[in-house]
Protein chains: 2
Amino acid sequence: MKILIVEDEQEMLNNMRQSLEQELYIVEAASNFKSATEKIGVYDYDCILLDIGLPDGDGLELLKYLKKQGKDDGVIIVSAKDSLDDRLKGLDLGADDYLPKPFHMAELNARIKAVLRRRNFDGNTLVEIGNVLIDTESRIIKIADEKIILNRKEYSILMYLIANKTRLVTKTALAEHVWGDHIDQTDSFDFIYSQIKNLRKKMDKATITVEAVYGVGYKLEVE
Amino acid sequence: MKILIVEDEQEMLNNMRQSLEQELYIVEAASNFKSATEKIGVYDYDCILLDIGLPDGDGLELLKYLKKQGKDDGVIIVSAKDSLDDRLKGLDLGADDYLPKPFHMAELNARIKAVLRRRNFDGNTLVEIGNVLIDTESRIIKIADEKIILNRKEYSILMYLIANKTRLVTKTALAEHVWGDHIDQTDSFDFIYSQIKNLRKKMDKATITVEAVYGVGYKLEVE
DNA sequence: CTTCAACGATCAATATTTTCATTTTCTTCG
DNA sequence: CGAAGAAAATGAAAATATTGATCGTTGAAG
């Protein structure tokens, strides 16, 4: 999960970054309008946290730009101004949520989760990718109409790869997300290889495949 | 929830134990200074009921020892002497409450509850996590607005996991905390598995799940 | 006092997850 | 291109976890 923080106050930025990295998001930051536009132009983010009051431009302009480009990154407006008017303007321009400062990090996390959930799974429990259909409620997976059963780890890996769709997932990120933060960095990644092998075997009829990226991690390939 | 009674009068001890076990606490006891120090050194308690007048040492010394060790168990001083001076001394040394003898068991229960609440859940009688709502007063659990009933062990396990939220709980710690000090290290953990299974079944509609960490223990997963 | 249901422990059969030894694949560099 | 070394894949074994069945206890209801 990749998040862009657009925020000019350094301290605020650091707080947010730290909190989000704790939650295992990949965090990038832009501290002004120009840098934000560049990043957005080049990368896709799952969620953009957008401060309205930037030194060199209006955050709302960025939002307009996003939509004009047809990007559909999630956007949460973070603003010191909490006038109803601003709020409405932001949501009108297609923001997903509006969070007035000051706020608790827990609140931010909750909003982000909500946005990610809405976007990744359209609010419903069915996820379809290639010929793979997943009911996230019952954890039932169908490949070409045939039901297959994944165990906990396999399911968790698959969902993480899907959440990051075409993006590259490092082995460290995968380990942290699926196994937790107690894993030893000096460990070998044998346990990942093993699970990936089983997952692949169960998914051999699928049009999506788990591809290794040598020296880095894995990546979902569609078709 | 685990409570240590430090008390030398056998009858008093039995009364307290019975009353507390009725309230579904895990109760352990020490009848002298030495035994109390040992227990405190080895285990963590949610609350310690400390009699001041011990045959082989001053209860207040125990309190000092606790603080020096950096332990933050809750402490309620139970004493026959009700001089203002003693009371102040005790609270000064970091006790959470002071209960003069004689007292009604109901009074003791109320004080314990207050201490536990203050320490574990910031004074809130309601604990909310994911779609799970717990009234620690009545031990009623609601999952997605549906009432469910947990028995003693299940409740105890859940609360311990929640108290440790995202942190990892080893099986030994869990056993020690929920079952008390009579567990044998050479034992299998079958009795834990059994309870975890039941707890999971009752919580299958919850957005929080109990995840096993291979070879170590369990961990609460939110969402 | 008896009966019955819930509780909690134990055991055995399965299933999952990790580990290990080995083989294969990939990248680099001469 | 071809060899060497690093990374990844594989198969099988070992370790651990899950589950369902069973059974003695306990406590509540009648």
Side-chain angles (χ1 to χ4, degrees), chain A residues 139 141 148-158 160-161 168-180 182-204 209-221, chain B residues 17-27 139 141 147-158 160-161 168-180 182-204 209-221:
Chain A
R139 293 187 23 155
I141 317 253
I148 65 168
I149 294 168
L150 298 185
N151 62 31
R152 258 197 176 68
K153 294 281 186 260
E154 291 160 356
Y155 180 82
S156 181
I157 291 172
L158 178 59
Y160 189 57
L161 289 174
L168 175 60
V169 171
T170 68
K171 272 176 298 183
T172 314
L174 188 62
E176 285 198 342
H177 190 268
V178 175
W179 277 266
H182 61 281
I183 51 153
D184 186 351
Q185 289 293 352
T186 64
D187 267 6
S188 80
F189 286 113
D190 279 354
F191 53 97
I192 295 185
Y193 298 146
S194 198
Q195 294 291 344
I196 292 276
K197 174 187 49 137
N198 295 334
L199 179 59
R200 281 175 173 155
K201 189 185 290 180
K202 288 184 182 177
M203 297 194 22
D204 60 351
T209 56
V210 178
E211 300 295 329
V213 178
Y214 193 90
V216 188
Y218 293 91
K219 181 170 184 301
L220 215 57
E221 209 71 52
Chain B
R17 180 196 285 277
Q18 194 184 2
S19 166
L20 295 181
E21 282 179 344
Q22 192 110 32
E23 294 290 317
L24 306 185
Y25 296 112
I26 314 293
V27 180
R139 285 170 180 261
I141 316 251
K147 194 160 118 184
I148 66 167
I149 296 167
L150 297 186
N151 61 33
R152 176 200 312 230
K153 293 275 187 269
E154 292 158 358
Y155 181 83
S156 189
I157 292 173
L158 178 59
Y160 189 54
L161 289 174
L168 174 57
V169 172
T170 67
K171 273 177 296 185
T172 315
L174 190 63
E176 201 268 297
H177 211 91
V178 174
W179 275 264
H182 304 302
I183 50 156
D184 184 350
Q185 288 294 350
T186 64
D187 266 6
S188 81
F189 285 112
D190 279 353
F191 54 97
I192 294 186
Y193 298 146
S194 185
Q195 295 296 333
I196 291 277
K197 175 186 46 143
N198 296 335
L199 180 58
R200 280 176 174 155
K201 190 185 289 179
K202 288 186 181 176
M203 299 201 9
D204 62 349
T209 56
V210 179
E211 299 292 330
V213 177
Y214 192 92
V216 188
Y218 293 91
K219 180 172 185 297
L220 215 57
E221 207 72 50

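Only heavy atoms go into these numbers, but all of them, side chains included; no hydrogens, no water, no symmetry mates. Quick note on labels: first sequence line is chain A, next is B, and so on, each numbered from 1.
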Asker: For B:His177, what residues pass the side-chain contact (heavy atoms from CB on, under 4.5 Å) criterion, not counting sequence neighbours?
Answerer: B:Lys2, B:Asp46, B:Tyr160
Asker: Check whether any side-chain N or O of A:Trp179 sits under 4.0 Å from OP1 or OP2 of C:dT18, and answer yes or no.
Answerer: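 Answer yes for this pair, as a side-chain N or O of A:Trp179 is under 4.0 Å from OP1 or OP2.
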Asker: Using a 4.0 Å heavy-atom cut-off, does B:Val213 contact any base of the nucleic acid, only the sugar-phosphate backbone, or nothing at all?
Answerer: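 B:Val213: backbone/sugar contact only, no base atoms under 4.0 Å.
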Asker: Give a yes or no on whether B:Gln18 atom CD has more than 12 heavy-atom contacts from other residues, nucleotides or ligands under 6.0 Å away.
Answerer: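 No, the 6.0 Å shell around CD holds no more than 12 heavy atoms from other groups.
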Asker: Nucleotide range of DNA chain D contacted by chain B, 5' to 3', under 4.0 Å to a heavy atom?
Answerer: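 The protein-touched segment is D:dA15 to D:dG20.
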Asker: Over how many whole Å does the gap from B:Glu154 atom CD to C:dC7 atom C1' extend?
Answerer: 9 Å
Asker: Please assess A:Phe191 against A:Trp179 for the test side-chain contact (heavy atoms from CB on, under 4.5 Å), listing each intermediate value before the final yes or no.
Answerer: CA-CA 10 Å; A:Phe191 53 97; A:Trp179 277 266; 3.4 Å; yes
Asker: C:dG8 phosphate, OP1 or OP2: any side-chain N/O from B:Asn151 under 4.0 angstrom?
Answerer: yes
Asker: A:Val216: what forms a side-chain contact (heavy atoms from CB on, under 4.5 Å) with it, not counting sequence neighbours?
Answerer: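 A:Val216: side-chain contact (heavy atoms from CB on, under 4.5 Å) contacts with A:Leu168, A:Thr170, A:Val213.
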Asker: Under the side-chain contact (heavy atoms from CB on, under 4.5 Å) rule, collect the residues that match up with B:Arg17, sequence neighbours excluded.
Answerer: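 B:Ile5, B:Glu21, B:Val27, B:Ala29.
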Asker: Can you check whether A:Val210 reaches A:Ile157 side chain to side chain, under 4.5 Å on heavy atoms?
Answerer: no
Asker: For a quick check, with a 4.0 angstrom heavy-atom cut-off, what is the B/S/- contact string for nucleotides 20-30 of chain C, read 5' to 3'?
Answerer: B-----BS---
Asker: Partners of A:Tyr218 by ring-ring contact (aromatic ring centres under 6.0 Å, His included), sequence neighbours excluded?
Answerer: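 Not a single residue meets the ring-ring contact (aromatic ring centres under 6.0 Å, His included) criterion with A:Tyr218.
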Asker: Closest nucleotide of DNA chain D for B:Arg200 versus for A:Lys201: which of these residues is on the 5' side?
Answerer: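 Looking at the nearest nucleotide for each, A:Lys201 comes out on the 5' side.
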Asker: For A:Tyr155, which contact category applies under a 4.0 Å heavy-atom criterion: base, sugar-phosphate, or nothing?
Answerer: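 Contact class for A:Tyr155: none.
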Asker: Starting at the 5' end of DNA chain C and moving along, which residue's nearest nucleotide shows up first, A:Leu150 or B:Lys153?
Answerer: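 Closer to the 5' end of DNA chain C: B:Lys153.
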Asker: Can you measure A:Phe191 atom CZ to C:dT19 atom P for me and round it to whole angstrom units?
Answerer: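 It is 7 Å, rounded to the nearest whole Å.
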Asker: Taking atom C1' of C:dC7 as reference, at what distance in whole Å does atom CG of B:Asn198 sit?
Answerer: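 B:Asn198 atom CG is separated from C:dC7 atom C1' by 9 Å.
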Asker: From CG of B:Leu24 over to P of C:dA6, roughly how many Å is that when rounded to an integer?
Answerer: 17 Å
Asker: May I have the distance from A:Ile192 (atom CD1) to C:dT19 (atom C1'), rounded to whole angstrom?
Answerer: 14 Å
Asker: Provide, to the nearest angstrom, the distance between the OH atom belonging to B:Tyr193 and the P atom belonging to C:dA13.
Answerer: 18 Å
Asker: Indicate, with a heavy-atom threshold strictly under 4.0 Å, whether A:Val216 touches base, sugar-phosphate, or nothing.
Answerer: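 Result for A:Val216 = sugar-phosphate.
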Asker: If we only count heavy atoms from C-beta on, is the A:Leu150 to A:Arg139 side-chain gap below 4.5 Å?
Answerer: no
Asker: Quick one: CG on B:Leu161 to CD1 on B:Ile196, what's the gap to the nearest 0.5 Å?
Answerer: 6.0 Å
